[in-house]
Structure formats: structure tokens, C-alpha cells
Amino acid sequence: MIVIGAGLLACSSASIFVQTDKVEINTSVPADDSLQAFIAPYKKELAENMNRVIGYATEDLVRNRPEGTLGNFVIDETENYLEEHNWLKGKHFISVMNHGGLRAPISKGEVTVGDIYRLMPFDNTVVLAKLPASELDSIVAYLRNSGGEPIGGFQITNEDFSLLKDAELQDTLYVITTDYLSAGGDNMSFFKRSYETVDTGIFLREALIKRVEKIDTLRPIIDGRIKL
């Protein structure tokens with residue numbers, strides 16, 4: 001139903017009266033053949049792109065807590081994409097994303113563009129954040145409380161945490177995340193204490209598509225990066 005409203009719009013001393021009516025739109029309204037014909041080529045092109053095979057998964061990739069193969073895939077290939085395109089510039093970044101952002105598994109067999117869209121249906125972009133090193137305690141506390149989220153670049157257990165690749169914690173903590181989380185989404189309030197964020201403008205979904213096309217074969221990984 002379309003509602004065409006009525007009322008007074010005021011701007012300074014002038015007023016405008018608008019007459020309104022209700023127009024019902026339902027299945028009794030016949031389809032517009034010309035509109036359907038206009039849309040058809042784009043619909044066909046979209047379907048063909050969604051069905052395009054870009055890789056192969058040797059096993060199902062699923063989300064799980066505290067650690068899952070799907071989350072590890074998203075984290076690792078996002079890091080690999082950024083490294084490949086010189087975004088990290090030699091810095092040791094950790095990665096923090098969210099379990100709830102993984103919307104669909106990737107099944108064993110051929111992987112299509114549509115599979116990555118179902119996994120990441122939102123237009124989230126990759127963000128690089130700089131936080132005070134002390135915020136690592138807040139991140140670890142959050143992970144322990146939530147039961148685990150997709151992470152990379154460090155290892156956490158109930159007793160301890162450590163950076164990977166023999167990295168040492170300096171005054172600044174460099175973190176890979178998404179625009180949604182960098183704004184404090186999913187109650188990740190520690191990101192609000194970032195003193196610098198860079199939105200790369202790279203859609204997370206597109207980075208994953210490019211990486212799957214490059215590596216061709218997805219092999220699920222569980223490496224004990226988070227044990228709670």
C-alpha cells in the first residue's frame with residue numbers, strides 16, 4: 001500500500017497544504033510487461049554472477065565457538081588480502097570480528113560468488129584501527145565473556161594471551177576489524193577508544209571473493225588460536 005500523506009509543511013512564515021490518498025497495491029494489480037522486460041537482462045546477469053564458481057571447499061566451513069573453521073577462513077583471508085595489497089605496511093596487526101556477522105556456512109564442494117554473499121550479505125568494509133595497547137585486556141575480557149569470536153594475530157586461553165609471529169606488544173595495538181564493529185557494534189566498546197581508524201573502503205565480501213579466486217581450494221583450519 002502506498003500512502004500519499006496530507007498535512008501542513010511549515011518553512012518560515014509560509015505553509016503548504018498537501019492532500020493525501022491511499023492507493024492499494026496487491027496481487028490483483030497486473031504485472032507491467034514492459035518493466036519486466038527492462039529488468040530481465042539485469043536479473044539474468046546477476047543470477048549468472050551469483051552462480052559463478054570461484055573455488056572449492058574440501059570440507060564444510062562452519063561457525064563455532066570458541067573457534068570455528070568459518071571464522072578462521074574469514075580472518076585469515078582478510079589478513080592475506082590486506083598483506084597482499086600492502087595495507088599492513090610491516091606492522092603486526094591482530095584481527096577481531098564477530099561470530100554473529102557470519103551469516104551462512106560454506107558447504108563442501110564448489111564455492112560460488114553467491115556463497116560469499118550469503119556468508120556476508122551486508123556491505124561491511126574493512127577498517128584498520130589503532131588502540132592503546134592497554135585495550136588488549138579489554139578485548140581479551142570481551143572474548144572470554146562472549147565465549148569466543150573470530151580472531152587472528154594472537155592466541156588466547158583462559159589463563160593467558162600472546163601475540164603470534166614473536167611480535168612484542170608496543171604502545172599501540174593495531175587491529176583489523178569492520179566498520180560496524182569499529183563504531184562499537186556488538187558491544188565492542190573498546191573500539192570507541194581507538195585514537196585512529198582508517199576505513200579502507202574495501203568490502204569484506206569482495207576481499208574474500210578475490211582471495212577464494214586466488215587460492216582456489218579452501219581447507220578448513222582449526223589451530224587452537226582461542227581456547228576457553
ring-ring contact (aromatic ring centres under 6.0 Å, His included) pairs touching residues 125-160, sequence neighbours excluded, are Y142-F190

Let me confirm one number: the [atom1]-[atom2] distance from [X] to [Y], rounded to the nearest 0.5 Å.
X    : Y    : atom1 : atom2 : answer
E110 : N51  : CD    : CG    : 10.5 Å
T69  : R63  : OG1   : CZ    : 12.0 Å
L82  : E77  : CG    : CD    : 11.0 Å
I94  : I139 : CD1   : CD1   : 4.0 Å
S162 : L169 : OG    : CG    : 11.5 Å
S107 : R118 : OG    : CZ    : 9.0 Å

Where [X] and [Y] come nearest, the two heavy atoms and their spacing:
X    : Y    : result
D179 : S182 : O-OG, 2.9 Å
T178 : V127 : C-CG2, 3.9 Å
L181 : F191 : O-CD1, 3.3 Å
H99  : P150 : N-CD, 3.4 Å
L128 : W87  : CD1-O, 3.9 Å
R193 : P132 : O-CD, 3.5 Å

What pairs with [X] under side-chain hydrogen bond (donor to acceptor under 3.5 Å, both in side chains), at least two apart in sequence or on another chain?
X    : result
N98  : D186
D223 : R225
S194 : none

Do the side-chain N and O atoms of T112 and D115 include a donor-acceptor pair separated by under 3.5 angstrom?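 Yes, because at least one side-chain N or O of T112 sits under 3.5 Å from a partner of the opposite role on D115.
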
I176 pairs by side-chain contact (heavy atoms from CB on, under 4.5 Å) with which of V96, T200, L88, I75?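 Between I176 and the candidates, side-chain contact (heavy atoms from CB on, under 4.5 Å) is satisfied uniquely by L88.
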
Side chain to side chain contact (heavy atoms under 4.5 Å, CB included) against K130, all qualifying residues, sequence neighbours excluded: T172, Y174, Y195, E196

Hey, is [atom1] on [X] packed in by over 12 heavy atoms from elsewhere, all under 6.0 Å?
X    : atom1 : answer
R219 : CZ    : no
E213 : CD    : yes
N158 : CG    : yes

Please enumerate all residues that pass ring pair (Phe, Tyr, Trp, His ring centres under 6.0 Å) together with Y81, with sequence neighbours excluded. H85

For N124, is there any backbone N or O sitting under 3.5 Å from a side-chain donor or acceptor partner on R205? no

For the side chain of Q155 and the backbone of G224, is there at least one donor-acceptor N/O pair under 3.5 Å apart? yes

Going through the distances and angles, do I106 and I116 end up as a side chain to side chain contact (heavy atoms under 4.5 Å, CB included)? CA-CA 8 Å; I106 296 176; I116 306 301; 4.0 Å; yes

Let me see the working for E84 and K214 under salt bridge (Lys or Arg N to Asp or Glu O under 4.0 Å), right down to the final yes or no. CA-CA 11 Å; E84 182 181 33; K214 181 163 187 174; 2.2 Å; yes

